[in-house]
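Here is the structure we will look at, set down as structure tokens.
Computed from a predicted model, the values in this text were never measured in an experiment.
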Amino acid sequence: MVARRKVAVAGVALSDCGRVADATPYALHAQAARRALADAGLDRPLVDGFASAGLGTLAPVEVAAYLGLRPTWVDSTSVGGSTWEVMAAHAADAIAAGHARAVLLVYGSTARSDIRAGRRTGTLSFGTRGPLQFEVPYGHTLIAKYAMAARRHMIEYGTTIEQLAEVAVQARANAALNPEAMFRAPVTVDEVLAGPVIADPFTKLHCCVRSDGGAAALLVAEEYVPDCRTAPVWVLGTGEAVSHAAMTEWPDFTVSPAAVSGRLAFERAGVRPSEIDFAEIYDAFTYMTLVTLEDLGFCGKGEGGAFVEKGRLRVEGGELPVNTDGGGLSAQHPGMRGLFLLVEAVRQLRGDCGERQVRRGDGSLPGLAVASGTGGWFCSSGTVVLGGG
């Protein structure tokens, strides 16, 4: 039996993000990919694995061809926002088993510019076929699904709208430290609550921003780490899970599939949630952050509201900094944002984050991080535990 190799994230990068009206999604893929390879200090011929979703008719084929790659291992798993954590898990397994030596994960989207140019509308539709046909006639928008889940948590556990607003306030406080974030001006709980209602109980600032942008991450086998220009960040454990296809099939709106993917990732990494220094959590809506913190084990079920209202999520002075770049609520959100979580986690573990750099109480760099993505309407989850070099 061949020994399983250790796997490191060797390079990460973002493309230009925010308002990028003069680029195509393919160009953003290419820009992020080039920057990630440069970050790693490795050459493109080493890449024999490729993962992509969300662009083109045959996503990994078309995008790989655009990038000039001819991979012998591919993945086009598409499960919404958790796609990239799931893909990272698959890539790590492939590299560990010797099926690939270097796998490039890439994403790019011009979601904001497409709306501005009239190439698409602001309402995201997943169609009306399959299980969705039983919900679409009742006006079930994507945002409404998350709003209903949030309202259930409020009814079940007494979670308040002010506590949910605190998630947005603290995300903006972290974004204020990130020069690349779209929105950096501080906001208050009162300002969050005073915004226009999008889907009860969410007002505008409970919802993610809409941006353009791309991201890339390069995973490599341990024997290539000495050739890299950056310190390695090791993939310690991963987990993935799917839940329901329709809201009517979801047994409990207050429990996300992160309860499964997180448990698996922590068990496989051999660490406990209490050992994690910071977390990058998918935050298309404030409730996602709160319930994922519960399901990953950072607090008990129903205790998320009390947990977030203490300022714990802030880079400056927080016990568990969360979404250290400002997250989808303030930094950028071009669609399936899961890859951005991995990029930020790696940068933090390497100490590359400048003013927003997370540090332990003794001033040292963080050693353990978790990135957890959520897809669909809490239909899927992927969780990755990462460790610094």
Side-chain angles (χ1 to χ4, degrees), residues 9 12-14 17-18 163-189 191-192 205-206 208-209 211 213 215 231 233 273-286 288-290 292-294 296 298-299 304-333 337-373 384-389:
V9 184
V12 294
L14 301 183
C17 292
Q163 290 170 334
L164 288 173
E166 269 290 349
V167 176
V169 169
Q170 293 175 64
R172 184 63 63 86
N174 293 343
L177 306 174
N178 178 11
E180 297 180 329
M182 283 187 73
F183 297 96
R184 302 179 65 195
V187 295
T188 66
V189 168
E191 287 172 329
V192 175
L205 292 180
H206 284 280
C208 64
V209 303
S211 75
V233 169
S274 60
E275 298 176 76
I276 296 297
D277 294 307
F278 66 93
E280 306 298 338
I281 292 174
Y282 205 94
D283 63 340
F285 307 98
T286 52
M288 298 175 75
T289 302
L290 185 147
T292 304
L293 285 167
E294 293 180 349
L296 292 178
F298 292 113
C299 59
F307 185 87
V308 303
E309 71 180 353
K310 305 293 185 181
R312 289 186 172 95
L313 315 186
R314 294 174 182 259
V315 170
E316 294 183 331
E319 297 174 25
L320 179 73
V322 172
N323 296 338
T324 51
D325 62 346
L329 292 170
S330 288
Q332 77 290 109
H333 197 301
R337 192 179 178 270
L339 192 48
F340 291 75
L341 310 182
L342 294 170
V343 171
E344 178 67 9
V346 169
R347 287 176 167 176
Q348 285 284 351
L349 289 169
R350 295 193 319 205
D352 293 343
C353 289
E355 191 179 0
R356 71 178 187 279
Q357 181 62 52
V358 172
R359 293 193 178 272
R360 290 171 165 170
D362 61 2
S364 62
L365 290 176
L368 290 172
V370 63
S372 189
V384 180
V385 177
L386 298 166

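Shortest non-hydrogen contact noted between Ala176 and Arg184 is O-NH2, 2.7 Å. The two atoms that bring Arg359 and Leu365 nearest to each other are NH1-CD2, 3.5 Å, heavy atoms only. Here the closest non-hydrogen pair linking Ala284 and Leu329 is O-CD2, 4.3 Å. When all heavy atoms of Tyr282 and Gly338 are compared, the closest pair comes out as CE1-N, 3.5 Å. Pairing each heavy atom of Pro366 with each of Gln348, the nearest pair is CG-O, 3.7 Å. Taking both residues in full, the closest heavy atoms of Pro273 and Phe298 are given as O-CE2, 3.3 Å, listed atom of the first, atom of the second, then distance.
Put simply, the side chain of Phe278 does not reach to within 4.5 Å of the side chain of Val315, judged on heavy atoms. At a threshold of 4.5 Å between non-hydrogen side-chain atoms, the residues Asn323 and Leu313 do not count as touching. Side-chain contact between His206 and Val192 is present, with at least one heavy-atom pair separated by less than 4.5 Å.
By the salt bridge (Lys or Arg N to Asp or Glu O under 4.0 Å) test, Glu275 is found to be paired with Arg272, residues two or more places apart in sequence or in another chain being considered. Partners of Arg337 by salt bridge (Lys or Arg N to Asp or Glu O under 4.0 Å), not counting sequence neighbours, listed by chain and number: Asp325.
Remark: side-chain polar atoms of Gln332 are not paired, donor with acceptor, to backbone N or O of Cys17 under 3.5 angstrom. Side-chain atoms of Thr292 come within 3.5 Å of backbone atoms of Met288 as a donor-acceptor pair (strictly under, hydrogens ignored). Listed for the Arg172 side chain is a donor-acceptor partner under 3.5 Å among the backbone atoms of Ala185. Side-chain atoms of Asp277 do not come within 3.5 Å of backbone N or O of Ala369 as any donor-acceptor pair. At least one donor-acceptor pair under 3.5 Å links the side chain of Ser211 to the backbone N or O of His333.
Between atom CD of residue Gln163 and atom OG1 of residue Thr286 there is a gap of 11.0 Å, rounded to the nearest 0.5 Å. The CG atom of Leu14 sits 8.5 Å away from atom CD of Glu344, with the distance rounded to the nearest 0.5 Å. The distance from atom CD of Gln357 to atom CG of Leu349, rounded to the nearest 0.5 Å, is 8.5 Å. Note that CG of Leu205 and OG of Ser330 are 8.0 Å apart. Values are rounded to the nearest 0.5 Å. Put simply, OG1 on Thr324 and CG on Asn174 are 7.0 Å apart, with the number rounded to the nearest 0.5 Å. Atom CG of Asp283 is separated from atom CG of Leu290 by 12.0 Å, given to the nearest 0.5 angstrom.
Among Val322, Val167, Leu341, the single residue meeting the side-chain contact (heavy atoms from CB on, under 4.5 Å) criterion with Ile281 is Val322. For the side-chain contact (heavy atoms from CB on, under 4.5 Å) test with Val12, the passing option among Val346, Leu339, Asp352 is Val346; the others fail.
The list of salt bridge (charged side-chain N to carboxylate O under 4.0 Å, His left out) pairs with a residue in residues 305-318, not counting sequence neighbours, reads Arg312-Glu319.
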